[in-house]
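Computed over heavy atoms, backbone and side chain alike; hydrogens, waters and symmetry mates excluded. Quick caveat: nothing in here was measured; it's all calculated off a predicted structure. Each residue takes its place number in the sequence, starting with 1.
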Amino acid sequence: QVQLVDSGGGLVQAGGSLRLSCAASGRTSRSTSMGWFRQAPGKEREFVSAIRWSDGTTMYADSVKGRFTISGDNAKNTVYLQMNSLKPEDTAVYYCAGGRYSTATPDDYTYWGQGTQVTVSS
């Protein structure tokens, strides 16, 4: 099993920045890709970004391109999501996820963090 603990959420004004972290433990070799998803009240969980450990390939949702950056630290088994130029519509619970494939589909990920709340005020 792989355990994921995500953190770093908070309240920030529009235009501000936050950095989320996701620390993995356990059989981390089973999680060759990591992703970030978010879910706002009343909405479905949506893809934000993903990274493949083997070569560092990244992907982003169009809504966050140019504003968010995903990165990973293999030595620490930790993935980060740097979020800049935050907008009120970025408000959601953010979840990190681990799986074998780097995709935008939640069902492709096996392991999930508990979520961290990000609130962006206007």
Side-chain angles (χ1 to χ4, degrees):
Q1 287 286 19
V2 177
Q3 294 78 43
L4 302 178
V5 178
D6 38 34
S7 61
L11 173 64
V12 65
Q13 288 188 331
S17 298
L18 283 173
R19 189 177 81 155
L20 306 183
S21 300
C22 175
S25 61
R27 297 186 178 230
T28 56
S29 60
R30 294 184 175 183
S31 181
T32 53
S33 293
M34 299 289 290
W36 286 97
F37 292 79
R38 66 187 182 186
Q39 187 165 18
K43 295 187 176 182
E44 292 186 353
R45 191 166 298 191
E46 66 171 353
F47 171 75
V48 176
S49 182
I51 186 168
R52 189 164 57 198
W53 283 118
S54 60
D55 59 7
T57 298
T58 59
M59 54 189 294
Y60 297 92
D62 287 343
S63 59
V64 307
K65 277 182 183 176
R67 300 189 298 124
F68 291 10
T69 303
I70 190 170
S71 62
D73 185 332
N74 266 314
K76 296 182 179 180
N77 288 321
T78 300
V79 173
Y80 305 97
L81 185 69
Q82 178 67 43
M83 306 186 296
N84 298 328
S85 302
L86 282 161
K87 305 175 181 180
E89 51 264 43
D90 293 319
T91 295
V93 177
Y94 283 69
Y95 299 88
C96 69
R100 294 181 60 84
Y101 305 105
S102 181
T103 79
T105 305
D107 287 347
D108 289 339
Y109 292 83
T110 305
Y111 310 104
W112 290 85
Q114 80 283 4
T116 184
Q117 176 71 47
V118 171
T119 302
V120 184
S121 63
S122 57

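- Counting all heavy atoms, side chain and backbone alike, Gln3 lies closest to Gln1 at NE2-CB, 3.6 Å.
- Contact between Trp53 and Val79 at its shortest, heavy atoms only, is CZ2-CG2, 3.4 Å.
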TODO: Test Lys65 against Asp62 for salt bridge (charged side-chain N to carboxylate O under 4.0 Å, His left out), laying out the working first.
DONE: CA-CA 5 Å; Lys65 277 182 183 176; Asp62 287 343; 3.2 Å; yes
Open item on the list: Walk me through whether Phe68 and Ser49 qualify under side chain to side chain contact (heavy atoms under 4.5 Å, CB included).
Closed with: CA-CA 8 Å; Phe68 291 10; Ser49 182; 5.9 Å; no
Open item on the list: Test side chain to side chain contact (heavy atoms under 4.5 Å, CB included) on Trp36 and Val64; report intermediate values, then the result.
Closed with: CA-CA 12 Å; Trp36 286 97; Val64 307; over 6 Å; no
TODO: Would you please test Arg67 and Asp90 for salt bridge (charged side-chain N to carboxylate O under 4.0 Å, His left out) and show each step?
DONE: CA-CA 11 Å; Arg67 300 189 298 124; Asp90 293 319; 2.7 Å; yes
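- In this structure, Tyr80 is not a member of the same hydrophobic cluster as Met83, with clusters built from ILVMFWY side-chain heavy atoms closer than 4.5 Å.
- With hydrogens and angles left out, the side-chain atoms of Thr78 and Asp73 include no donor and acceptor closer than 3.5 Å.
- For the pair Arg38 and Tyr95, the NZ or CZ position fails the cation-pi test of under 6.0 Å to the six-membered ring centre and within 45 degrees of the ring normal.
- Taken from CD1 in Ile51 to OG1 in Thr32, the straight-line distance is 12.0 Å, to the nearest 0.5 Å.
- Taken to the nearest 0.5 Å, the OG atom of Ser7 stands 8.0 Å off from the CG atom of Leu20.
- Summarising the geometry, atom OG belonging to Ser63 is positioned 5.5 Å from atom CD belonging to Glu46; distances are rounded to the nearest 0.5 Å.
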Open item on the list: Show, in sequence, the C-alpha distance, side-chain angles and deciding distance for Ser17 and Asn84, and conclude whether the side chain to side chain donor-acceptor pair (under 3.5 Å) test is met.
Closed with: CA-CA 4 Å; Ser17 298; Asn84 298 328; 2.9 Å; yes
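- Taking OG1 of Thr105 as the start and CZ of Phe47 as the end, the distance is 9.0 Å to the nearest 0.5 Å.
- For the residue pair Ser33/Arg52, the side-chain donor-acceptor check at 3.5 Å is not satisfied.
- A pairwise comparison of heavy atoms in Ala92 and Gln117 identifies O-NE2, 3.4 Å as the closest pair.
- Asp6 contributes a side-chain N or O that, together with a main-chain N or O of Cys96, makes up a donor-acceptor pair within less than 3.5 Å.
- Neither Leu81 nor Val93 shares a network with the other; the hydrophobic side chains, linked directly or stepwise wherever heavy atoms of I, L, V, M, F, W or Y lie under 4.5 Å apart, form separate groups for each.
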Open item on the list: Checking Ile70 against Val48 for the side chain to side chain contact (heavy atoms under 4.5 Å, CB included) test, could you report, in this order, the C-alpha distance in whole Å, the side-chain angles of both residues, the deciding distance, and whether it holds?
Closed with: CA-CA 10 Å; Ile70 190 170; Val48 176; over 6 Å; no
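- Linking ILVMFWY residues whenever their side-chain heavy atoms come closer than 4.5 Å, directly or via other members, places Tyr94 and Leu18 in the same cluster.
- Nearest heavy atoms, Ala24 versus Val2: CB-CG1, 4.4 Å.
- Of all heavy-atom pairs between Leu11 and Ser121, the closest is CD1-CB, 4.4 Å.
- Ring geometry for Trp112 against Phe37 counts as tilted: the plane angle lies between 30° and 60°, on a 0 to 90° scale.
- Thr116 places a side-chain N or O within donor-acceptor distance of the main-chain N or O of Gly9, the cut-off being under 3.5 Å.
- Residues Tyr109 and Gly35 approach most closely at CE2-N, 3.8 Å, considering heavy atoms.
- In this structure, Gln114 and Val5 have side chains that are in contact, with non-hydrogen atoms separated by less than 4.5 Å.
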